[in-house]
Amino acid sequence: MQLNFKKSFISFARDLYKDELKIDLHRPVFEGNEGRYILEAIKSNYVSSVGKRVDEFEEKVAKFTGFRHAVAVVNGTSALHISLQLIDVKPNDEVITQALTFIAPCNAISYCGAKPIFVDVDKETMGMSPKALSSFLNKNTKKISGKVINKSTGREIKACLPMHTFGFPCDIEEISAICKKWHIPLVEDCAESLGSFVKTKHTGKFGKLATLSFNGNKIITTGGGGMIITDDKDLAKKAKHITTTSKVPHPYEFIHDEIGYNYRLPNLNAAMGCAQIEKLDDFLISKKRISEQWESFFNENSVDFFKPLKDFKSNNWLNAIILKSKKEKEEFLNYTNDNDVMTRPIWTLMNDLNMYADSQHDGLKNSYWLQERVVNIPSSVPNSFQSIKIKNEEL
Ligand SMILES: *Cc1c(COP(=O)(O)O)cnc(C)c1O
């Protein structure tokens, strides 16, 4: 890889993020009502799991994403854990997911006592490949009295859990059609895709439940936080119940009717979320502009810049490039990080981690191909960001 290219990358990044000495991959922006709302929460004494900001944040996220119900929880991992539990994923069940992902979905599967199965991703989306899913099911499973049974393990496949990598929607319409055909419940991990759309539908709308994360590096943050979003009233009700210790409403008695979790998002964090979501439309516009600038830079330098599928819209959470080889990737990572411009490789494949080394997978050809080449580049909303007047045509 040419030194000139690496040098111009550094100066381009420095130009985009003028006032940052050390340029982050993705840092939060607090230029709205965060301080005010948090202070109000402190003054109200409602800092914990009761308070009006939790309900308000849930309503605002539901409205933005077009879901009927939203249940706020402590992080995206717990949202995944509860979602899987709600669709009856139990010990020794199996869940089909992707190997090219963050660890959270695999942790959630393991918390249920279930086992992941890894199918390949598409090179065009970095998300689960419908073809790989379909071919895995055809080759490796049989239907026995309505259940999808894995022929090699004898276990039941209880869920399919794809993810929208870096905000680029995966081919979820096809995945959803396959899951419907096999009667496998679908949960979408939308931790990275708040503000990403498949045609007119927000990501997450294709399964029974979907989950969001508001960790510090996500498109909006509550410090730590997550949400379960669904159109199913009963599932939402159950989600709220078991994430709030399964307490039966009563003026003073402590009665809990099943094993519950203390997963409720504190009011303090929800207060931050209410301020952050006020800025989400502005963030999305600002991130689109950054992404367009990166795109033209990489086009000029003949480097493959990742784009969503046609008619799909990414929230531009993390920009990604595809380099030519593992060697080129390593050179690029070393040079840029040495120069205080943060870049990161895509994740180690889940089946290459100790805990999942024995998991069943389909060879993961594209996952390995991408793993060797994909790098994320700085994608924050710039610090100089000021409330941009939103023009409808930009959204
Ligand atoms: C961030 C993230 C989550 C959730 O992470 P938390 O830190 O638990 O909020 C889940 N899945 C993916 C793909 C993520 O990137």
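Counting convention: from 1, in listed order, for ligands and their atoms alike. Computed from a prediction, not measured in an experiment: that's the story for all the values here.
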Should the ring pair Tyr356 and Phe118 be called parallel, tilted or perpendicular, given that the plane angle runs from 0 to 90° and is split at 30 and 60?
-> perpendicular
Once the angle between the rings of Phe5 and Phe332 is folded into 0 to 90°, is it parallel (under 30°), tilted (30 to 60°) or perpendicular (over 60°)?
-> parallel
Judged by modelled atom types alone, do Gln276 and Thr222 share a side-chain donor-acceptor pair under 3.5 Å?
-> no
salt_bridge(Glu40, Arg36) N-O dist < 4.0 Å = yes
For Glu20, side chain to side chain donor-acceptor pair (under 3.5 Å) partners two or more places apart | Arg27
Between ligand 1 and the protein, find all N/O pairs closer than 3.5 Å and give the distance for each.
unit_1: ligand 1; atom_1: 8 (O); unit_2: Gly76; atom_2: N; d: 3.3
unit_1: ligand 1; atom_1: 8 (O); unit_2: Thr77; atom_2: N; d: 2.9
unit_1: ligand 1; atom_1: 8 (O); unit_2: Thr77; atom_2: OG1; d: 2.5
unit_1: ligand 1; atom_1: 9 (O); unit_2: Gly76; atom_2: N; d: 2.7
unit_1: ligand 1; atom_1: 9 (O); unit_2: Ser213; atom_2: OG; d: 2.7
unit_1: ligand 1; atom_1: 11 (N); unit_2: Asp189; atom_2: OD1; d: 3.4
unit_1: ligand 1; atom_1: 11 (N); unit_2: Asp189; atom_2: OD2; d: 2.7
unit_1: ligand 1; atom_1: 15 (O); unit_2: Glu192; atom_2: OE2; d: 2.5
unit_1: ligand 1; atom_1: 15 (O); unit_2: Lys218; atom_2: NZ; d: 3.2

Would you check, one step at a time, whether the test side-chain contact (heavy atoms from CB on, under 4.5 Å) holds for Glu58 with Met227?
-> CA-CA 8 Å; Glu58 288 173 342; Met227 211 168 274; 4.1 Å; yes
